[in-house]
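Inspection log for the structure reproduced underneath, given as C-alpha cells.
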Amino acid sequence: MLRIGVLGLQGDFREHVEMLSFLGVETLVVKLPEDLDLVDGLIIPGGESTTMGRVMENVGLKEPLVEKIKNGLPVYGTCAGMILLSKRVVDHDQPLLGVLDTEVERNAYGRQVESFEVDIEIQAIGEKPFKAVFIRAPRIVKHGENVEVLAEYGGDPILVREENILASSFHPELTKDTRIHEYFLRMVEK
Ligand code: GLN
C-alpha cells in the first residue's frame, strides 16, 4: 500500500493529511530526513515559505529532499509548497529546493484579507470546474518549456507539472474536492 508523506514543519499540513486519509491513503507527517525513506510521495503544504525553508535547512531535510526529488520522488507543493519547489523567487532571497523550473512572485494575488475562490477549468481532472482557493498566493511569472501548464487563471499558470513534480498556487486541501490529490496519487502509482 502507498504511503504519502506530508511535510509537517509548518503550515496547513493537517488538512492534507485529512484529505488523504479520507481517500483511504496511509500518511506520514514528515519532520526528519529519515522520514523521507518511508514514503512513496510527498506533499509540501501551504504556509510561510520562508519559515518552512529555514526549518528545512535547520533539520537537515533540504539536501536529502532535493536528492530524492531529482531521483524521481513524486512531490506536490501547494502555495508556499510551490514557492519552495521553484528555482527562483522575484526580488527575494530565501532557501528553496529549486527543482521546478519556475520563477514565482510571492503574495502576487493580494493579502490575506483579499483571499478569494474562483472556479477554474482543469482538463486533466475532468469536466467539472474546480474551486481554487487563493490565500496570499504566488504567481508563476516564468517557466521553462518542460513545465506543463494544467490550469491557468488570468492568463497565468496556477497548476503545473514537470515530470514527478506537481505544484499549484491555490489550496485544494481547503476544499472538499479531492480530484487534484487523486491526480497526484496516480502520479505516485506510476
Ligand atoms: N505567502 C506565503 C509565502 O510566501 C504563501 C501563502 C500560502 O501558502 N497560503 O510563503
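Atoms within a ligand are numbered from 1 in the order they appear, just like the ligands themselves. The residues of the chain are indexed from 1 along the displayed sequence.
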Holding to side-chain hydrogen bond (donor to acceptor under 3.5 Å, both in side chains), I want the full list of residues that pass it with R186, two or more places apart in sequence or in another chain. none

Between the side chains of H92 and T50, is a donor N or O closer than 3.5 angstrom to an acceptor N or O? no

Is the closest basic N to carboxylate O distance between R139 and D156 below 4.0 Å? yes

Can a donor-acceptor pair be found between the side chains of R106 and Q94 at a distance below 3.5 Å? yes

With D37, which residues qualify under salt bridge (charged side-chain N to carboxylate O under 4.0 Å, His left out), at least two apart? K68

Can you sort out the partners of E18 under salt bridge (charged side-chain N to carboxylate O under 4.0 Å, His left out), two or more places apart, ordered by chain and number? none

With a 4.0 angstrom cut-off on heavy atoms, strictly below it, pick out the residues next to ligand 1 and order them by chain and number. G46, G47, E48, S49, C79, A80, I83, R106, N107, I135, R136, H171

